[in-house]
Amino acid sequence: MSRIIGVINMKGDYLLCAVVAVSIAALSIRAIAQNGFDLSNSLVPRDEILPGGPGRDGIPAIDHPQFVRSNEANFLRDEDRVIAVKIDKETRAYPLRILAWHEIVNDEISKHAIAVTYCPLCGTGMVFDRTVARKTLSFGVSGLLYQSNLLMYDRETNSLSPQVAMKAISGPMADTELRLLPSEHMKWAAWRDAHPDGKVLSANTGYARDYGHDAYVDYVRSSETMFPIHWTRSELDKKEWVVGVIVNQQAKAYPLELLKKNAPIEDKIDNERIRIGYDAGASKPEVTRADNGEPIPFTMVYWFAWQAFYPKTELFRH
């Protein structure tokens, strides 16, 4: 009898070891799927954080950007789009042609640390202040997506931040907001003509990439998303462009096609009077406070992404 019990115990120990081994393997696989990021305190459902394909830093952020003068940027076409940033008296342009391959540029203008970010899947070019809680952060590309949107991570704490959410959703920085800075989204030719001595992000990035090739041309032409998203607001087509504005935590979206026909528009968000214009020549929207003309940060974004992150957003109708 004792022999039988001994055999059972041995088998039990073996079974326990096997279960532990399988559990460890499962955790390892899950860690790989999450690219090594700790999601234990995630503010969003963990099963909705998806691998985008490339691993962590598989899409390399640009940490030491080089710039050329406008007249030296001969790799750009007139109709190319750029994200333009002006701080103090200095202005710089970041071509989407380059950002599509890197998604994040850690830069500094007039001693102001900024992160120029771009998510090709959501069409979103957004510029953030890299000084958060009195610390200067540097950002990388996690290789993960939430609501089809770029999940950035800061290298100091490994916290993840969806670009459109504008705040961290995991790690030590969870629930910490990022400050969105004003920027312009416009045609290269218009920016070049307005800033003949301006600085443009150089194609000399240190990486071998085909900046003449648009890797997302088929995606842009498609009416569908590449990854799952929460789809609850069908007033517009998924990939219709909107200008997303947040004032005092209140979100509102303005269809770009409507702005092209009716701008300038004056509106109120949470009793704040704002003015939205559209420069057809430069192909750029402009959002300012109606009383003093102060720029208000906004987001050019596909409707599917804006409604996914801000499901209660108002939608402007003429």
Side-chain angles (χ1 to χ4, degrees), residues 27-28 30-46 48-67 83 85 87-88 90 92 94 98-122 124-183 201 205-207 246 249 297 299 309:
L27 288 172
S28 298
R30 185 170 178 80
I32 292 171
Q34 296 170 343
N35 293 356
F37 292 98
D38 180 8
L39 302 179
S40 59
N41 68 335
S42 175
L43 303 179
V44 303
R46 280 177 281 180
E48 294 181 11
I49 296 176
L50 305 175
R56 177 175 178 151
D57 296 319
I59 297 175
I62 297 176
D63 294 319
H64 305 287
Q66 303 297 313
F67 294 87
I83 298 173
V85 182
I87 296 178
D88 295 336
E90 187 169 351
R92 296 181 184 178
Y94 303 81
I98 297 177
L99 287 173
W101 292 92
H102 297 279
E103 301 191 0
I104 297 175
V105 178
N106 292 296
D107 199 6
E108 185 175 305
I109 302 179
S110 297
K111 297 184 179 180
H112 294 274
I114 65 170
V116 181
T117 69
Y118 178 58
C119 176
L121 298 179
C122 296
T124 41
M126 305 172 71
V127 181
F128 296 100
D129 188 341
R130 286 199 288 124
T131 301
V132 181
R134 299 183 180 180
K135 296 180 180 178
T136 300
L137 306 179
S138 64
F139 291 93
V141 181
S142 71
L144 301 173
L145 300 169
Y146 175 65
Q147 301 301 330
S148 202
N149 186 228
L150 160 68
L151 268 176
M152 313 180 294
Y153 78 95
D154 70 86
R155 293 161 176 157
E156 288 68 30
T157 72
N158 279 331
S159 300
L160 292 170
S161 300
Q163 179 203 35
V164 176
M166 295 179 270
K167 73 174 183 179
I169 52 91
S170 72
M173 300 285 289
D175 215 24
T176 300
E177 294 186 357
L178 302 178
R179 187 165 74 95
L180 184 65
L181 301 176
S183 61
L201 181 66
T205 62
Y207 297 94
I246 297 178
Q249 307 299 318
T299 306
F309 281 96

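Bear in mind that the values here come from a model prediction, so they are computed numbers and not experimental data.
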(request) Check the pair H102, L201 against side chain to side chain contact (heavy atoms under 4.5 Å, CB included), reporting the backbone distance first and the verdict last. (result) CA-CA 12 Å; H102 297 279; L201 181 66; over 6 Å; no

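- The distance from the CD atom of Q147 to the CG atom of L121 is 12.5 Å, given to the nearest 0.5 Å.
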(request) Give the intermediate values and the outcome of side chain to side chain contact (heavy atoms under 4.5 Å, CB included) for residues R92 and V105. (result) CA-CA 12 Å; R92 296 181 184 178; V105 178; over 6 Å; no

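- Between the side chain of N41 and the main chain of S170, no donor-acceptor pair closer than 3.5 Å is present.
- Contact check for S42 versus I169: side-chain heavy atoms found under the 4.5 Å cut-off.
- Just one residue in the list T117, V127, V116 forms a side chain to side chain contact (heavy atoms under 4.5 Å, CB included) with Y94, and that residue is V116.
- One distance of note links CD of E103 with OG1 of T124; it measures 9.0 Å at 0.5 Å rounding.
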(request) Tell me, with the steps shown, if N35 and Y153 meet side chain to side chain donor-acceptor pair (under 3.5 Å). (result) CA-CA 11 Å; N35 293 356; Y153 78 95; over 6 Å; no

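- Counting only distance, with no hydrogens or angles, the side chain of T205 and the backbone of Y207 share a donor-acceptor pair below 3.5 Å.
- For the pair F37 and R56, the minimum side-chain heavy-atom distance is below 4.5 Å.
- If you take CG on L178 and CZ on F139, they are separated by 5.0 Å, rounding to the nearest 0.5 Å.
- Summarising the geometry, atom NE2 belonging to H112 is positioned 10.5 Å from atom CD belonging to E90; distances are rounded to the nearest 0.5 Å.
- Put simply, the side chain of I49 reaches to within 4.5 Å of the side chain of L39, judged on heavy atoms.
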(message) Is there a side chain to side chain contact (heavy atoms under 4.5 Å, CB included) between T299 and F309? Walk through the geometry before answering.
(response) CA-CA 12 Å; T299 306; F309 281 96; over 6 Å; no

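- Atom CD1 of I62 and atom CG of D107 lie 9.5 Å apart (nearest 0.5 Å).
- Between L180 and F128 there is a side-chain heavy-atom pair separated by less than 4.5 Å.
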(request) Determine, step by step, whether Q163 and I104 satisfy the side chain to side chain contact (heavy atoms under 4.5 Å, CB included) criterion, reporting the C-alpha distance in whole Å, the side-chain angles of both residues, the deciding distance to 0.1 Å, and the verdict. (result) CA-CA 11 Å; Q163 179 203 35; I104 297 175; over 6 Å; no

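- The side chain to side chain donor-acceptor pair (under 3.5 Å) analysis of residues 126-143, with sequence neighbours excluded, yields the pairs D129-R179, S138-E156.
- The heavy-atom pair separating S183 from G125 by the smallest distance is OG-O, 4.5 Å.
- Residue L151 is tested with L160, V141, L145 for a side chain to side chain contact (heavy atoms under 4.5 Å, CB included); the sole match is L160.
- We find the CG-SG distance between L99 and C119 to be 11.5 Å, quoted to the nearest 0.5 Å.
- Between P297 and M126 there is no side-chain heavy-atom pair separated by less than 4.5 Å.
- Between I246 and M166, some side-chain heavy-atom pair lies under the 4.5 Å cut-off.
- For the pair A61 and G140, the tightest heavy-atom approach, listed with the atom from each and the gap, is CB-CA, 4.3 Å.
- K167 is listed as a side-chain neighbour of D175, based on a closest heavy-atom distance under 4.5 Å.
- Taking the side chain as every heavy atom from C-beta outward, M173 and V132 approach each other to under 4.5 Å.
- Heavy atoms only, all atoms of each residue included: S161 and A168 are closest at OG-CA, 3.2 Å.
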